[in-house]
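What follows is a single structure, written as structure tokens, with notes after it.
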Amino acid sequence: MNISILTVGKLKEKYLKQGIQEYTKRLSAYANVEIIEVADEKAPENMSNNEMIQVKEKEGERILSKIGQDTHVIALAIEGNAWTSERLAKELDDLATYGKSKIAFVIGGSVGLSDEVLKRANSKLSFSKMTFPHQLMRLILVEQVYRAFKINRNEPYHK
């Protein structure tokens, strides 16, 4: 299975990079994992609604340019469906069973994802009704994907 994590912006925090590298290394036994960063759009602190839409659209174009037609897309969105770790494991297992070997998880920037990206998504996943920094979501996501593979193989992993 080939898993891409498409994300807006560069990761600067060393502690997050180290955590992501650790889980990516663990995941390499189960899947090819690639983290693809697209540039974030420079934006003022207090944006109007129109400015937010423009930022999302520009970032969305960059995201969509990295997604192949045969890729199954799971967008992380606060308005998405909340899954358990077991449900994520089942979704990944089902995708593999039905020959979907290319999966992209998409994490938007600080203002979220464009309508075009959300329309392209095969499903929308919400980790919580809370808002998390998009940089931290990378670490949370890669850990949950690792956990999903452990669940699917009935291998021990801390709860």
Side-chain angles (χ1 to χ4, degrees), residues 1-47 51-52 54-68 71-89 91-92 95 101-114 117-118 120-121 123-153 155-159:
M1 184 171 275
N2 295 299
I3 297 173
S4 298
I5 298 174
L6 281 156
T7 183
V8 174
K10 289 241 180 273
L11 189 61
K12 297 173 187 86
E13 294 81 359
K14 187 177 178 183
Y15 68 97
L16 291 174
K17 285 182 180 180
Q18 290 171 329
I20 291 165
Q21 286 171 345
E22 176 62 28
Y23 282 108
T24 302
K25 184 175 91 178
R26 291 181 189 188
L27 264 168
S28 67
Y30 307 106
N32 296 319
V33 178
E34 178 183 25
I35 297 177
I36 302 168
E37 296 176 335
V38 299
D40 56 343
E41 194 62 27
K42 302 298 177 233
E45 194 65 34
N46 294 317
M47 286 186 274
E51 288 172 320
M52 284 176 54
Q54 288 176 343
V55 166
K56 287 194 273 190
E57 285 175 354
K58 288 177 182 173
E59 292 173 349
E61 289 170 10
R62 293 180 192 131
I63 290 167
L64 291 170
S65 74
K66 304 291 184 186
I67 299 174
T71 302
H72 185 90
V73 178
I74 300 171
L76 274 62
I78 202 163
E79 69 274 6
N81 295 311
W83 294 349
T84 63
S85 296
E86 292 78 10
R87 168 80 188 274
L88 176 61
E91 292 288 331
L92 292 177
L95 289 169
S101 62
K102 293 181 184 175
I103 299 166
F105 289 92
V106 180
I107 302 171
S110 59
V111 294
L113 292 168
S114 70
V117 172
L118 293 172
R120 171 61 180 88
S123 55
K124 297 178 199 110
L125 172 60
S126 172
F127 273 73
S128 172
K129 295 295 179 197
M130 294 181 188
T131 303
F132 295 106
H134 56 280
Q135 298 92 340
L136 180 59
M137 273 315 303
R138 292 189 207 189
L139 178 57
I140 295 169
L141 174 62
V142 77
E143 187 280 333
Q144 283 297 301
V145 171
Y146 174 70
R147 183 180 297 273
F149 278 98
K150 297 296 268 184
I151 289 168
N152 285 338
R153 286 165 178 72
E155 295 175 359
Y157 185 59
H158 61 82
K159 296 186 182 216

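When every heavy atom of L118 is checked against every heavy atom of A77, the shortest pair comes out as CD2-CB, 4.1 Å. Pairing each heavy atom of H134 with each of V8, the nearest pair is CD2-O, 3.3 Å. The nearest pair of heavy atoms linking K56 to L113 is CD-O, 3.4 Å. Shown here for S128 and I78, the closest heavy-atom pair between the two residues is O-CG1, 3.5 Å.
Not a single salt bridge (charged side-chain N to carboxylate O under 4.0 Å, His left out) links K124 to another residue, sequence neighbours left out. Every residue two or more places apart in sequence or in another chain that forms a salt bridge (charged side-chain N to carboxylate O under 4.0 Å, His left out) with E22 is listed here: K25, R26. Legend: residues meeting ring pair (Phe, Tyr, Trp, His ring centres under 6.0 Å) with F149, ordered by chain and number and at least two apart, are Y30. For R62, the salt bridge (charged side-chain N to carboxylate O under 4.0 Å, His left out) test picks out E41, with sequence neighbours left out.
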Run the side-chain donor-acceptor check on residues 101-112: report pairs under 3.5 Å with partners two or more places apart or on a different chain.
| unit_1 | atom_1 | unit_2 | atom_2 | d |
| --- | --- | --- | --- | --- |
| K102 | NZ | D70 | OD2 | 3.2 |

Solution key, residues 10-21 side-chain donor-acceptor pairs under 3.5 Å, sequence neighbours excluded:
| unit_1 | atom_1 | unit_2 | atom_2 | d |
| --- | --- | --- | --- | --- |
| K10 | NZ | E37 | OE1 | 3.4 |
| K17 | NZ | L11 | O | 3.4 |

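Side-chain contact check for L125 versus E91: every heavy-atom pair is 4.5 Å or farther apart. The shortest side-chain heavy-atom distance between T71 and S4 does not fall under the 4.5 Å cut-off. In this structure, R120 and V117 have side chains that are not in contact, with every pair of non-hydrogen atoms separated by 4.5 Å or more.
Here CG of L6 is found 10.5 Å from CD1 of I35. Values are rounded to the nearest 0.5 Å. Expressed to the nearest 0.5 Å, how far CD of E143 lies from CG of L27 amounts to 9.5 Å. If you take CD1 on I3 and NE2 on H72, they are separated by 11.5 Å, rounding to the nearest 0.5 Å. How far CG of L141 is from CD1 of I74: 9.0 Å, rounded to the nearest 0.5 Å. Between atom CG of residue L92 and atom CG of residue N152 there is a gap of 7.0 Å, rounded to the nearest 0.5 Å. Rounded to the nearest 0.5 angstrom, T131 OG1 and L136 CG are separated by 12.0 Å.
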Candidate pair W83 and S123, rule side-chain contact (heavy atoms from CB on, under 4.5 Å), full reasoning: CA-CA 11 Å; W83 294 349; S123 55; 3.9 Å; yes

Derivation of the side-chain contact (heavy atoms from CB on, under 4.5 Å) call for Y23 and V33: CA-CA 10 Å; Y23 282 108; V33 178; over 6 Å; no

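Under 3.5 Å, the side chains of E59 and S114 contain no donor-acceptor pair of N or O atoms.
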